[in-house]
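Reviewing the structure listed below.
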Protein chains: 2
Amino acid sequence: MSAATSPFGVLLDIDGVLYVGDEPIASAHEALDELRRLSADLRLVTNTTSRSRREVAAHLTELGFQTSLNEILTPAAMAVRYCEEQGHEVVELVVSDGLREDLVELHAPSRGVDVDAVVLGDVGDRFDAQLLNRVFRLLMDGAELIALQHNRYWRRKDGLALDVGAYSAALEYATRREAVVVGKPSPAFFDAAVAELGVEQAVMIGDDVEADVGGAMAAGLAGVLVRTGKFLQKALPPEVTPTAIVDSIVDVPAILQRLFPGER
Amino acid sequence: MSAATSPFGVLLDIDGVLYVGDEPIASAHEALDELRRLSADLRLVTNTTSRSRREVAAHLTELGFQTSLNEILTPAAMAVRYCEEQGHEVVELVVSDGLREDLVELHAPSRGVDVDAVVLGDVGDRFDAQLLNRVFRLLMDGAELIALQHNRYWRRKDGLALDVGAYSAALEYATRREAVVVGKPSPAFFDAAVAELGVEQAVMIGDDVEADVGGAMAAGLAGVLVRTGKFLQKALPPEVTPTAIVDSIVDVPAILQRLFPGER
């Protein structure tokens with residue numbers, strides 16, 4: 001990292017931008033190195049709620065991308081930050097076992113203690129009426145619902161499956177109260193990321209025009225869409241006009257030099 | 001039934017209007033007899049999705065109210081009517097076992113056959129990720145979601161529990177498509193009820209200001225609210241002004257003579 005301080009921060013989506021599945025995007029390693037030369041304030045941001053930061057970092061290392069835990073921002077990290085800000089001391093976790101290590105700062109409830117908040121992630125086939133009713137009752141007793149993300153569904157190996165957003169929608173409908181969403185595309189996610197970087201300007205690079213680009217731009221960041229990963233031309237919604245659209249991460253350094261000229 | 005044809009129809013909610021729990025409302029038997037003298041076109045309407053019409057009739061008989069299956073309108077009956085109108089031939093049923101007898105007209109799917117619609121009722125603790133994902137995939141393959149009702153939650157013996165509306169909301173969010181709601185307060189419910197009665201005017205009598213009175217009035221019926229059952233003065237929403245509010249079903253015959261003067 002050659003720059004001591006950066007005039008702009010870089011937020012980089014991982015899946016679909018650096019790699020797809022187990023295949024790195026062509027020349028992505030060199031492009032990431034170049035981005036780090038352009039900005040010392042770079043973070044890798046992902047909406048995963050099934051893997052811990054340690055697992056995300058291990059997967060990146062396997063694929064040849066060097067990183068550190070502190071460089072990776074996840075919804076779980078944002079949930080910890082949000083609960084600290086709100087003074088939520090007793091928090092029920094509805095998350096996969098692998099994610100718990102990223103939420104150890106939050107205190108699990110003991111019997112008879114009022115629960116301040118419920119953190120809702122993807123627990124896959126563990127979602128059932130018993131679990132949902134237990135969470136529902138906590139919410140009706142005053143706990144706040146914090147959704148790690150709000151996706152509608154995802155494609156599992158055995159077919160389409162409801163994602164956290166759908167289960168959150170059930171609880172929101174029943175309680176008549178919206179969940180706080182701490183993952184992308186929540187403005188709070190991008191606000192917190194920029195606050196952590198301590199920069200005035202930032203750019204988000206991703207393959208999801210709504211969650212990455214639209215979310216970032218709604219929070220006042222620049223948004224660059226890559227044509228790799230889940231990018232589909234037909235899926236471009238009329239309400240989002242990316243700051244730039246490029247073929248892949250390889251084209252991003254040149255775009256940043258154009259967006260932030262002479263700021264190095 | 002003394003009137004040969006009626007100038008107006010009467011729709012009467014059951015639970016909270018004729019009885020509460022296992023206790024008949026005082027003088028409700030005589031009031032029901034009087035209503036039948038005023039209109040030959042009377043139907044008992046309930047939003048129950050856990051009991052069949054036969055079970056509803058048996059419970060009424062136990063409490064001393066004589067009725068027949070044809071006099072009882074339930075969301076299940078409306079679902080059958082709706083599927084017939086829409087030409088839905090292959091329908092997946094997600095309902096309690098007791099309700100299946102009211103849906104025998106609908107053909108269950110066999111393997112490899114496209115499913116036209118899914119009828120969603122309350123299956124209580126049988127709601128789980130496996131069931132919801134199976135329904136979700138049917139919807140994504142083009143099936144229509146038909147919710148027997150759309151209540152947010154209900155109070156079970158062991159505490160509050162999510163109701164059909166919450167599970168429907170999860171599926172609606174994931175598919176981005178609204179469910180067709182065939183129970184109260186859906187206008188379709190009241191339209192179908194009035195069509196079945198073959199009358200020009202009708203009145204709905206109930207203890208739920210939104211589901212009974214508001215729903216009926218939105219469909220062009222008169223709506224009479226009784227102060228029994230779940231009635232709570234504080235719960236009167238500003239957007240619904242009942243045609244009349246009375247202490248109990250005992251006061252309804254006099255109200256109908258005022259609403260429909262000289263029409264007997």
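The residues B:K184 and B:D208 are annotated as not salt-bridged, no charged nitrogen and carboxylate oxygen being separated by less than 4.0 angstrom.
From A:N151, atom CG reaches atom CD of A:E210 across 10.5 Å, with rounding to the nearest 0.5 Å.
Comparing A:A174, A:G159, A:A169, A:G165 by how many heavy-atom pairs each has under 4.5 Å with chain B, the most go to A:A174. Across B:D128, B:N133, B:L171, the residue that shares the most heavy-atom pairs under 4.5 angstrom with chain A is B:N133. When each of B:Y167, B:Y153, B:F127 is scored by its heavy-atom pairs under 4.5 Å with chain A, the top score falls to B:Y153. With respect to chain A, the highest number of heavy-atom pairs below 4.5 Å among B:M140, B:R126, B:Q130, B:R137 belongs to B:R137.
Here the options are B:V118, B:V115, B:V119, the test is side chain to side chain contact (heavy atoms under 4.5 Å, CB included), and the partner is B:V91; only B:V119 passes. Each of A:N47, A:D163, A:T74 was checked for a side-chain hydrogen bond (donor to acceptor under 3.5 Å, both in side chains) with A:Q149, and the lone residue meeting it is A:D163.
Using modelled atom types, one finds a donor on one side chain and an acceptor on the other under 3.5 Å when comparing B:E144 with B:Y82.
Contact of A:D158 with chain B is made through backbone and side chain together, with heavy-atom distances under 4.5 Å. For A:R134, no part sits under 4.5 Å from any heavy atom of chain B, backbone or side chain.
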